[in-house]
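Down below is the structure, laid out as structure tokens.
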There are 2 protein chains.
Amino acid sequence: MPRTTRSPESRERVVAAAWRVVADVGVQDATMRRIAAEAGVTTGSVTHHFADKHDLLAAVVRHNNLLARDRIVAAVGDGRGLVALEGAVDALLPIDADRRREWQVGVACWGPAAPGDRAAGELRDGWRYLERLLAALFDQAVEDGELPPTVDAGYEAARMVVLVAGVGMLAGVESPERVRRDAKRMLADQLQRLEEARTEDHTGGMGR
Amino acid sequence: MPRTTRSPESRERVVAAAWRVVADVGVQDATMRRIAAEAGVTTGSVTHHFADKHDLLAAVVRHNNLLARDRIVAAVGDGRGLVALEGAVDALLPIDADRRREWQVGVACWGPAAPGDRAAGELRDGWRYLERLLAALFDQAVEDGELPPTVDAGYEAARMVVLVAGVGMLAGVESPERVRRDAKRMLADQLQRLEEARTEDHTGGMGR
DNA sequence: CCCGTTGCGTAACAAGCGTTACGGCAGGGC
DNA sequence: GCCCTGCCGTAACGCTTGTTACGCAACGGG
């Protein structure tokens, strides 16, 4: 049987086009024909690669997650602990046009993705990945002595995820300048608080 | 000219019905006919009160804001400062079914509300109201000596809004139990951090 | 060299959408 | 008591949507 002649490339083209359309006009107006036109193909090609629209949307969310993931691993590199953590979070903040588009897609697919839907599972997986990664980096920071052992890595990771989600969501209604300014400050504050707890812990022994 | 015979009541009924439908099935599947059926009327009544669907959605978001606002003012009551602030934030956290539905509507209307749309303006107004209220309460807390004067009320309010938005957004993908547990802890942490700064400040400077 | 299979364009489908036009019903102003 | 005017149910319109059926070109295995 003749396998795929040159297939996986054009499937990715359709997903990338759908991602762009969703980011631009939302899920509501991201019609099959518009996506096909953006990809430079027709609906026949789209329906050939995807069972239905829900399937395509799930692929779009997965693509969105991969974009974020690639950005994160590039930012982390071979770093460890707090530096890597700050880089990872920074890579997600909606402080430029590209990152804001990723948030646009993420939030747009949040609503219509009803519980049990395929896209909803992809979305949840993305958040879980982020939380686990951050928890691992917090653990490293404790291991390396950057943070006191009293730090609850899992909880701090969840807290960081909430910060990222909150900033990302509000980026849709706030001015980019303000988001850029506040987001950086909040990230720095949240990390600094934990570091202060460490130095306090050390100096606190003699003071008390 | 004969004014409205008994009008404003049925308009509200349609808005409330639309709010329920959007919370249940999302904006995409919240059709005019379905909303009308939920309200116990027909599309003729709906189109009589609202110019078009965007107009109705804007009213739904406004309704959603009012629900949250009523809950906030009930929680604040005649309280001041940190107690009132904690009550206000607590009134917004998606820790029960009612509050989660409000978040469902808010996020669902975030995506399809393209910039310049009427619903987007309503959404932004809701966030602005919350931020100003929290800033005022932070100011009161500083005034009453609950927090040191070094506290930047505007920034802390923005930070609190981010916490609320993040928790609300993640409530859609996390289990209710976990959200309930983490949200309370994060709120307490964020407030406690500021209070600790005060006691440190006082014990360091002069004996309170 | 042929043939089965795959990739994808074309075209059509039925369903459902938002929206509009119209008509009857009621209730106050003159 | 007439009539004018808001209220709302009925019904239809035109359009777009997701989806499907079909057909041609290309390509690799036998």
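Side chains included, hydrogens not; waters and symmetry mates left out as well; all remaining heavy atoms used. All chains are named by letter (A, B, ...) in the order of the sequence lines, taking the proteins before the strands, and each is independently numbered beginning at 1.
Look at H48(A) and you won't find any side-chain N or O under 4.0 angstrom from OP1 or OP2 of dC8(C). Checking the phosphate oxygens (OP1, OP2) of dG7(C), no side-chain nitrogen or oxygen of S10(A) falls inside 4.0 Å. When the side-chain nitrogen and oxygen atoms of H54(A) are compared with OP1 and OP2 of dG18(D), none of them lie within a distance under 4.0 Å.
Within the structure, side-chain hydrogen bond (donor to acceptor under 3.5 Å, both in side chains) contacts touching residues 60-69 of chain A (residues at least two apart or in different chains) are W19(A)-N64(A), R62(A)-E122(A). Within the structure, ring pair (Phe, Tyr, Trp, His ring centres under 6.0 Å) contacts touching residues 68-108 of chain A (residues at least two apart or in different chains) are W103(A)-W127(A).
Taking five base pairs at each end of the helix from dC3(C)-dG28(D) to dC30(C)-dG1(D) and finding the rotation axis that steps the C1' atoms of four pairs onto the next four gives two axes whose angle is 0°, to the nearest 10°.
Closest heavy-atom contact between V15(B) and A59(B): CG1-O, 3.8 Å. Here the closest non-hydrogen pair linking V73(A) and Y129(A) is CG1-OH, 4.0 Å.
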Run the salt bridge (charged side-chain N to carboxylate O under 4.0 Å, His left out) check on E174(B) and R124(A) step by step: do they pass? CA-CA 8 Å; E174(B) 293 290 349; R124(A) 175 169 22 241; over 6 Å; no
Identify each atom pair where a protein N or O and an N or O of nucleotides 9-11 of chain D are less than 3.5 Å apart, giving names and distance.
residue, atom, partner, partner atom, Å
dG9(D), OP2, T42(B), N, 2.9
dG9(D), OP2, T42(B), OG1, 2.6
dG9(D), O5', T42(B), OG1, 3.4

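D52(A) has its CG atom 17 Å from the P atom of dT17(D), to the nearest Å.
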Counting only pairs under 3.5 Å, give me each side-chain donor-acceptor contact of residues 80-92 of chain B, with atom names and distances, residues two or more places apart or in other chains.
residue, atom, partner, partner atom, Å
R80(B), NE, D144(B), OD2, 3.1
R80(B), NH2, D144(B), OD1, 2.9
R80(B), NH2, D144(B), OD2, 3.4
D90(B), OD1, K184(B), NZ, 2.7
D90(B), OD2, K184(B), NZ, 3.4

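Using a cut-off of 4.0 Å between Lys/Arg side-chain N and Asp/Glu carboxylate O, R180(A) and D96(A) are scored as not salt-bridged.
The side chain to side chain donor-acceptor pair (under 3.5 Å) search around R159(B) returns none, not counting sequence neighbours.
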